[in-house]
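Just the heavy atoms: all of them, side chains too, but no hydrogens, waters or symmetry mates, feed the values below.
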Amino acid sequence: MIQNLSPEEIVRRESLDKLRQKGIDPFPAAEFIVTSNAAAILGNYEEGKEVIIVGRLLNIRDMGKASFAHIQDSTGKIQVYINIDSICPGEDKSFYKEVVKHLLHFGDFVGITGKLFTTRMGEISVHADALVLLAKSVKPLPVVKTDKDGQIHDAFTDPELRYRMRYVDLVVNEKVRETFVTRTKIVNAMREFFNAKGYLEVDTPVLQPIPGGATARPFTTHHNALDVPMYLRIANELYLKRLIVGGFDGVYEFSRNFRNEGMDRTHNPEFTVMEIYVAYKDYLWMMDFTEEMLRHVCTKALGTTSVNFGEKTIDFGKPFERVSMTEAILRYTGFDITGKNETELSAFCKSIGIEVNESMGKGKLIDEIFGAKCEGNFIQPTFITDYPVEMSPLCKRHRSNPELTERFELMINGKEVANAYSELNDPIDQRARFEEQLKLQQRGDDEAMFIDQDFLRALEYGMPPTSGMGIGVDRLVMFLTNNEAIQEVLFFPQMRPEKFETGPDTGDFIAIGIPEIWAEHVIRAGYDTLEKLKSAKPTAIHQTLNGYRKKNKLEIPAVQLEDVQMWVS
RNA sequence: GAUCUCGUAGCUCAGCUGGUAGAGCAAUACACUUUUAAUGUAUGGGUCCUGGGUUCGAGUCCCAGCGGGAUCACCA
């Protein structure tokens, strides 16, 4: 198979051989011992200190008998000064003149031994005494430069390329690396918070025979040995509750969920939700707990509870406002949903321009009103409480109003981030609610819940009063890292599979008698299929190929017209 | 799924009413021993996303496809 290489790639590949001829392995195997890194040097500068550092060589500035470059390691960038007399102390200056100046490239991994100093321009740098090539880069990275005002030039910004080649994005865009480091800090802070309270981190099945715990379309697959359909989980709620039945006081899981639905800047087919269930608690407790947890996460991961998101500042430090669904709708529409029936709600929806259809029950209608008129207004963290019973089939009825449930959602910047219940633990009610869902399904709701008989059986054995909460980790990370797209907080967001141009195979060409050394060049010269070759005049092919040979200075025998005639006959 | 929009050198992007493809950076070569978006001189580099169509002539206009982005719908 032929790989199409750009001129720069060819230069870099050729440098591999030149290095080997000099006895330098471009991909050495041995461990390289490191004593420092960019952040340590910059954070604790000691003039003249000897260091050994590693990283990618960036932005090489050749000044004749000396060169400057930056080395990028996982902690940041540090300047390196490579002086011909320091790096080649003896008579033989060929290492600097040939290797450093011509065979090293932007993006190569190198190890540097040297002493710390400060340049005339005032930049802390490493004065190199030795340089070891650790790995060649044969494909040039995008060149992104930052000037003295911090302005970024020629930024690598194309989202398609950035998401498909995250490895390049991470090398070249410092902000991207920071986002992912912060993501991990956020997750660690949550874990630390839960562990400190004595709750148990658990793993439950990703591959499930019944996709329960949420209303969503699952991905389906098939288990061969059992010969049954299987689903990738859409939620882990029902499994965690089984564990509460089993006697744990508190369990949580960072759950990778999969939903076979639309994709856009806030939805990826797989995403992460942290769910936690704590026995003997209710949703009021869970609100306090969630608030405290988020404050802990902000402080630990960001060092502040005041977070910038776009033009807005979100304050996690102040107590979160708590507004019931009814109050929220009253506040933003002037309409009181209390005691209204389906017909009245439907009429109100139409009056404010919300499309309604037959499949919508009371819960759905209320949800539509909230989504259209209220949701976007809650910029600061706000708990919306007491949702209608129809839209919460796994949630306990409200202690003071059976039409409502003990549920809250946490809204941040007008988006739902967390969802929590006083969990329904009455198995009789739970069965009835599942049956309600089935009816909705029959009315046309294509994502009503499946009935999980085993889960009902578990509840029949008795589940203590429990509060559960789920928080969208990706969304939370988006808010805390000031990113507007979920793709920015997932290392490898889902994209349509990339098509790679696979060049024609030289085998077919060799088979008709073309010499092996010529086959590749015949293709590169434009005859990339046998049909093209055979439909061309032999004299034209002959001239084209020898012209190509001359242009590319190929040191292979010229093609004879008789050969060409033989190939195409 | 619908609508709009984009696809030109390794990267970032120009390219007007259709007339033989451009810049900066990167690369290659030379000069320069504390530069920093280093500088100066020279050189090379293109399937203008793909396939059709209109035209004497298409990067440019039309149609279809592929891929991306934005908005909307659904969902978290």
Asks: When you get a sec, tell me which of B/rU34, B/rG67, B/rA38 is the closest nucleotide to the side chain of A/Arg164?
Replies: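 Selected nucleotide: B/rG67.
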
Asks: On a plain distance test, is the side chain of A/Thr118 in donor-acceptor contact with the base of B/rU34 below 3.5 Å?
Replies: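 Not at all, since no donor on one side and acceptor on the other fall under 3.5 Å apart.
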
Asks: If I pick the C1' atom on B/rG10 and the same atom on B/rG46, what distance separates them, to the nearest angstrom?
Replies: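 Approximately 12 Å lies between the C1' atom of B/rG46 and that of B/rG10.
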
Asks: Are A/Asp169 and A/Arg166 side-chain neighbours, meaning at least one heavy-atom pair lies under 4.5 Å?
Replies: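 The answer is yes, as the side chains (C-beta and beyond) meet within the 4.5 Å cut-off.
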
Asks: Does B/rU36 have OP1 or OP2 sitting under 4.0 Å from an N or O in the side chain of A/Lys77?
Replies: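 Checking A/Lys77 against B/rU36: no side-chain N or O falls below 4.0 Å of OP1 or OP2.
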
Asks: In whole angstrom, give me the gap between the P atoms of B/rG7 and B/rC61.
Replies: 10 Å

Asks: Would you classify A/Phe106 as touching base, sugar-phosphate or nothing, given that sugar-phosphate means primed atoms plus P, OP1 and OP2, and contacts are heavy atoms under 4.0 Å?
Replies: nothing

Asks: Given B/rC30, is OP1 or OP2 found less than 4.0 Å from the side-chain N or O atoms of A/His102?
Replies: yes

Asks: Sticking with atom P, work out how far B/rU41 lies from B/rC48, rounded to a whole angstrom.
Replies: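 Straight-line distance between the two P atoms is 31 Å.
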
Asks: What is the separation between atom CD1 on A/Ile10 and atom P on B/rU43, rounded to the nearest whole Å?
Replies: 21 Å

Asks: Step by step, would you call A/Tyr231 with A/Leu207 a side-chain contact (heavy atoms from CB on, under 4.5 Å)?
Replies: CA-CA 6 Å; A/Tyr231 305 87; A/Leu207 203 55; over 6 Å; no

Asks: With sequence neighbours left out, write down each residue that passes side chain to side chain contact (heavy atoms under 4.5 Å, CB included) with A/Ser125, or none if nothing qualifies.
Replies: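 Here the qualifying residues are A/Gln79, A/Phe117, A/Thr119, A/Glu123.
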
Asks: Sticking with atom P, work out how far B/rC62 lies from B/rA37, rounded to a whole angstrom.
Replies: 44 Å

Asks: Whole angstroms only, please: what is the CG-P distance between A/Leu58 and B/rA38?
Replies: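 For the pair A/Leu58 CG and B/rA38 P, the rounded distance is 11 Å.
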
Asks: Any idea which of B/rA76, B/rU35, B/rC11 is nearest the A/Glu123 side chain?
Replies: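 Output: B/rU35.
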
Asks: A/Asn268 near the nucleic acid: base, sugar-phosphate alone, or nothing, with a heavy-atom cut-off under 4.0 Å?
Replies: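 The residue A/Asn268 makes base contact.
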
Asks: I'd like to check the side-chain hydrogen bond (donor to acceptor under 3.5 Å, both in side chains) partners of A/Glu47; sequence neighbours left out, ordered by chain and number.
Replies: A/Tyr45

Asks: With sequence neighbours excluded, tell me which residues meet side chain to side chain contact (heavy atoms under 4.5 Å, CB included) with A/Ser94.
Replies: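 Partners of A/Ser94 by the side chain to side chain contact (heavy atoms under 4.5 Å, CB included) criterion, ordered by chain and then number, come out as A/Asp92, A/Glu98.
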
Asks: Taking A/Asp73 first and then A/Arg56, would you say they form a salt bridge - that is, a charged N and a carboxylate O separated by under 4.0 Å?
Replies: no

Asks: Please state how far atom CG in A/Asp62 lies from atom P in B/rA29, giving the value in whole angstrom units.
Replies: 10 Å

Asks: Please state how far atom CD in A/Glu8 lies from atom C1' in B/rU28, giving the value in whole angstrom units.
Replies: 9 Å

Asks: Report yes if the ring of A/Phe271 lies under 5.5 Å from the six-membered base ring of B/rA76 with planes under 30°, and no otherwise.
Replies: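 Aromatic stack with B/rA76 present for A/Phe271.
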
Asks: Can you check whether any acceptor in the base of B/rU34 is under 3.5 Å from a donor in the side chain of A/Arg120, or vice versa?
Replies: no

Asks: For atom C1', what is the distance between B/rG45 and B/rC25, given to the nearest Å?
Replies: 14 Å

Asks: May I ask you to verify if any side-chain N or O of A/Asn59 is less than 4.0 angstrom from the OP1 or OP2 atom of B/rA38?
Replies: yes

Asks: Go nucleotide by nucleotide along RNA chain B from the 5' end; which of A/Val144 and A/Phe68 gets its closest nucleotide reached first?
Replies: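 Residue closer to the 5' terminus by nearest nucleotide: A/Val144.
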
Asks: For A/Asn377, what residues pass the side chain to side chain contact (heavy atoms under 4.5 Å, CB included) criterion, not counting sequence neighbours?
Replies: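 A/Asn377 satisfies side chain to side chain contact (heavy atoms under 4.5 Å, CB included) with A/Tyr332 only.
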
Asks: Give the C-alpha distance, both sets of side-chain angles, the deciding distance and a yes or no for ring-ring contact (aromatic ring centres under 6.0 Å, His included) between A/Tyr421 and A/Tyr283.
Replies: CA-CA 5 Å; A/Tyr421 306 148; A/Tyr283 81 131; 9.6 Å; no

Asks: Quick one: is B/rC30 close enough that its OP1 or OP2 comes under 4.0 Å of any side-chain N or O from A/Lys101?
Replies: no

Asks: To the nearest Å, how far apart are A/His267 NE2 and B/rC72 P?
Replies: 13 Å

Asks: Tell me, with the steps shown, if A/Phe491 and A/Phe180 meet ring-ring contact (aromatic ring centres under 6.0 Å, His included).
Replies: CA-CA 8 Å; A/Phe491 272 126; A/Phe180 287 101; 4.0 Å; yes

Asks: So, under a plain 3.5 Å distance rule, would you say the side chain of A/Asp264 forms a donor-acceptor pair with the base of B/rC74?
Replies: yes

Asks: Side-chain N or O of A/Arg265 less than 4.0 angstrom from OP1 or OP2 on B/rU71?
Replies: yes

Asks: Should A/His105 be listed as having a side-chain N or O under 4.0 Å from OP1 or OP2 of B/rU28?
Replies: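 Checking B/rU28 against A/His105, a side-chain N or O does come within under 4.0 Å of OP1 or OP2.
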
Asks: From CD1 of A/Ile82 over to P of B/rC32, roughly how many Å is that when rounded to an integer?
Replies: 18 Å

Asks: In whole Å, measure the gap between the C1' atoms of B/rG1 and B/rU20 for me.
Replies: 44 Å

Asks: Given B/rC32, B/rC11, B/rU34, identify the nucleotide with an atom nearest to the side chain of A/Lys65.
Replies: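 For A/Lys65, the side-chain atoms sit closest to B/rC32.
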
Asks: Please report, rounded to the nearest Å, how far the P atom of B/rG40 is from the CZ atom of A/Arg61.
Replies: 16 Å

Asks: Rounded to whole Å, how long is the line connecting atom CZ of A/Arg12 with atom C1' of B/rA27?
Replies: 9 Å

Asks: Pick the C1' atom in B/rG22 and in B/rU60, then give their distance to the nearest Å.
Replies: 15 Å

Asks: Tell me which of A/Ile60 and A/Ile84 sits closer to the 5' end of RNA chain B, going by the nucleotide each one is nearest to.
Replies: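 On the 5' side of the pair lies A/Ile60.
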
Asks: It should be established whether A/Arg162 places a side-chain nitrogen or oxygen under 4.0 Å from OP1 or OP2 of nucleotide B/rG68.
Replies: no

Asks: Grab the N/O contacts between the protein and nucleotides 12-14 of chain B below 3.5 Å, and write none if there aren't any.
Replies:
none

Asks: Let's see if you can work this out: which of B/rU34, B/rG69, B/rA38 has an atom nearest to the side-chain heavy atoms of A/Tyr163?
Replies: B/rG69

Asks: Indicate every side-chain donor-acceptor pair of residues 100-107 of chain A with a distance under 3.5 Å to a residue at least two apart or in another chain.
Replies:
| unit_1 | atom_1 | unit_2 | atom_2 | d |
| --- | --- | --- | --- | --- |
| A/Lys101 | NZ | A/Gly64 | O | 3.0 |
| A/His105 | ND1 | A/Lys136 | NZ | 2.7 |

